Protein chains: 4
Amino acid sequence: MTPSQLAATTPTKTRNRRFDPERRDRLIDTALNVIAAKGVAGATHREIAREADVPLGSMTYHFANMDELLYLAFSRFVETCAARFDVRMQQSQTPEQAQEAVVQGIVKDYLGTSEEMILAYELYAVAARKPLLREIMQQWMEASQHSLQRHFTADDARIIDAFIEGLIVHGSLAVEPMTEGEVRAAVHRLTDPLLLQRKQ
Amino acid sequence: MTPSQLAATTPTKTRNRRFDPERRDRLIDTALNVIAAKGVAGATHREIAREADVPLGSMTYHFANMDELLYLAFSRFVETCAARFDVRMQQSQTPEQAQEAVVQGIVKDYLGTSEEMILAYELYAVAARKPLLREIMQQWMEASQHSLQRHFTADDARIIDAFIEGLIVHGSLAVEPMTEGEVRAAVHRLTDPLLLQRKQ
Amino acid sequence: MTPSQLAATTPTKTRNRRFDPERRDRLIDTALNVIAAKGVAGATHREIAREADVPLGSMTYHFANMDELLYLAFSRFVETCAARFDVRMQQSQTPEQAQEAVVQGIVKDYLGTSEEMILAYELYAVAARKPLLREIMQQWMEASQHSLQRHFTADDARIIDAFIEGLIVHGSLAVEPMTEGEVRAAVHRLTDPLLLQRKQ
Amino acid sequence: MTPSQLAATTPTKTRNRRFDPERRDRLIDTALNVIAAKGVAGATHREIAREADVPLGSMTYHFANMDELLYLAFSRFVETCAARFDVRMQQSQTPEQAQEAVVQGIVKDYLGTSEEMILAYELYAVAARKPLLREIMQQWMEASQHSLQRHFTADDARIIDAFIEGLIVHGSLAVEPMTEGEVRAAVHRLTDPLLLQRKQ
DNA sequence: AATGAATGAGTATTCATTCAT
DNA sequence: TATGAATGAATACTCATTCAT
């Protein structure tokens, strides 16, 4: 067998890329992608390194251990989601716009892309077991309710937030996903009476 | 002292336990316990076998592979939950009793024991990735809505079911878990208007 | 989950077939098929039992161990091959017919079906390591040379037999398999001079 | 006695042998030895690692999977055999020397050492089933015929090569191995007529 | 600062064989 | 007599992490 033939069997080395200042950052994004694709269980150092085209040793150089990386990845995910929802709330002026923003938040941000939902479920599961990640989950809820409090009372915000949660879960795992119309009807049923007595 | 006598003196090694007709069934229960304790990722053949005090080879004798075991375990979990909820609904006579049964279902069956919640989250996460387990999730939803339809229209049942889902998730992962009073208030806010126009 | 759904996951039991007098015989044939399909290494009790639709316990009931089964299977294979070749030689009257019978034996019996060749290679490999199976190999050679001695001297028979062997191996593993014409030319080149001085 | 002194007294555990730059290469050789000793089926990661005094994890670090290792091992084997035969052919000047080189190649290189034959049989068997290894087999044949074409026409080379193959198989598996004299007689019977009309 | 090599613990799964029924 | 249940040893392979360079 000639050396060139041998090379076909062994993975080709495409590297020697020493300078890569944003690698750490890029690895966190890659980690999220891998979690979405294969779950937390499938998000191994090896898999993430391969996906990011980075040497394996680089993983533990940048992150003390997997838990740290998970923490960073899910933090970023939650921040992104929370910020996006806050923009929707912030841009709403009237109560009716706020209602519709909730509907759009559910339909556009979650029901559309299964990737977001998968990440959320992975976070639920892991948060139930690891306190560090549970904190992230709680920050998300607080941020979410904070956004809702731009238009609703604290108590109502909590209820609405829970409702959003439920609609998303149901909407994504049900045999036939909820339509935008169904989501809108559900949101209205809960929030219409609230609007009458809303925060002034 | 004959060898057999000697064996009697030696600390019982729990072996030679050849006949064990309900082992398969017991293993499914053990699997659920292990999933609750360590997650799907931690529910390995070894761990379940150790917990059930059964030789490792016994696992793959009884279950073709891990997915089959997961399927059986989560099926049992879902059946138990669905049956319990159906009893609550069935025992309710008036709409007001049905409302309260929903509240009790949330508070007693889920918020009380974190184990049930953890199992649910694990199921969400794994259902989002494996079609076989997604089916279970969907059967659960259908069963749940079927129970609710004893007292509510199909459309309302779907909304209420989603709301229950959200209250449970929020209730269990929030910094301070929801109290029974808060849950009751939330349920009433959604279902009170429904009762007026309810199924006759 | 209903029982019927569960059955889909667990292998269906198609049995309770107690009376099966030729089972042992059938198992030997099945073993040969499995060896041809998956090699000696892939011919496990489980695989053969599955292929023959027979309970696993039946394997060790009929055969003391795998070596015995291998012995019986390869014996049958060799007997079949040897008998077939002997018929070819026996039916040849003239030296020219014997020559052509050799050609046909190579082309029709081996080069055509890769299954026979695979079984032969598996036998070579295993015979080189296990004395019991080496005996079978030697019986085959003797039978083969005995058949050839109907038309050639003992010394020539041995040479011709080796040549047949080589043509078969080359013919079956080469990039482009030998054609019937090439085989005929090769056989003639070796045996034509022999015919002149042949056994009278 | 300090712990470190204690360690010095304990029998060397051959560990902490971190740096071993030619390990991969050595493992390929060890693999060949194990295949020769126990067959492809017996050439397990564990066995090869033990034989090479290397930790088990080292095997899958160096080779993506067993097939890759088999490929590399048999490639090396075939290269060695082919090179050795080519030297014999290259060193022959006259046709008569070439004839004798063929004889010596058979007798010295194969009939003498059963290890080489066993490796060849294992390769046949595995080549019949795995396309990747079949390629190796074909490269071997091509190399072999290329060497023969230093002295014979392409057509004759193919026939002679097949004949060599058969003589080796027969010679090694027969009840009483062929003698050098018998091999020489056989080779002469086939090649003498060829020499008269040989390549000029 | 960065990484290729290395490793021990662990993974699901397969297996020949035993044995109580 | 025949077999389903059982099991300990073994298999290929993956992994997070360590560490010498």
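Excluded from the calculations below are hydrogen atoms, water molecules and symmetry mates; all remaining heavy atoms, backbone and side chain alike, are included. Just so you know, these numbers come straight off a predicted model, no measurement behind them. Letters go in sequence order (proteins before strands), and every chain restarts at 1.
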Practice item. Measure the CZ-CG distance between D/F63 and D/L72 for me, rounded to the nearest 0.5 Å. Key: 6.5 Å
Find the distance [X]:[atom1] to [N]:[atom2] and express it as a whole number of Å.
X	N	atom1	atom2	value
C/R26	F/dA2	CZ	P	13 Å
A/F63	E/dA2	CZ	P	13 Å
B/I48	E/dA12	CD1	C1'	12 Å
C/M59	E/dT17	CE	P	11 Å
D/L27	E/dT7	CG	C1'	14 Å
D/D53	E/dT7	CG	P	10 Å
A/E22	E/dA1	CD	P	18 Å

Check your understanding: Is A/S58 near enough to E/dT3 that one of its side-chain N or O atoms lies under 4.0 angstrom from OP1 or OP2?
Key -> yes
Practice item. Please check the phosphate of F/dG4 (OP1 and OP2 only) for any side-chain N or O of B/R23 closer than 4.0 Å. Key: no
Review point. Reading DNA chain F 5' to 3', how would its secondary structure be written in dot-bracket notation, given Watson-Crick and G-U pairs with both distances under 3.5 Å, brackets [ ] for crossing pairs and | for partners on other strands?
Key: .||||||||||||||||||||
Salt bridge check: are [X] and [Y] linked by an N-O gap of less than 4.0 Å?
X	Y	value
D/K38	D/E51	no
A/D25	A/R76	yes
B/E135	B/K130	no

Do [X] side-chain atoms and [Y] backbone N/O form a donor-acceptor pair below 3.5 Å?
X	Y	answer
C/E68	C/A64	yes
A/R50	A/P55	no
B/R26	B/A52	yes

**Study point:** Contact letters for nucleotides 11-16 of chain F, in which S counts primed atoms plus P, OP1 and OP2 and B counts the base, heavy atoms under 4.0 Å
**Key:** BSBBBB
Review point. Should D/Y71 and D/V126 count as side-chain neighbours, where that means a heavy-atom distance under 4.5 Å?
Key: no
Review point. Minimum heavy-atom separation for C/A43 to C/I35, with atom names?
Key: CB-CG1, 3.7 Å
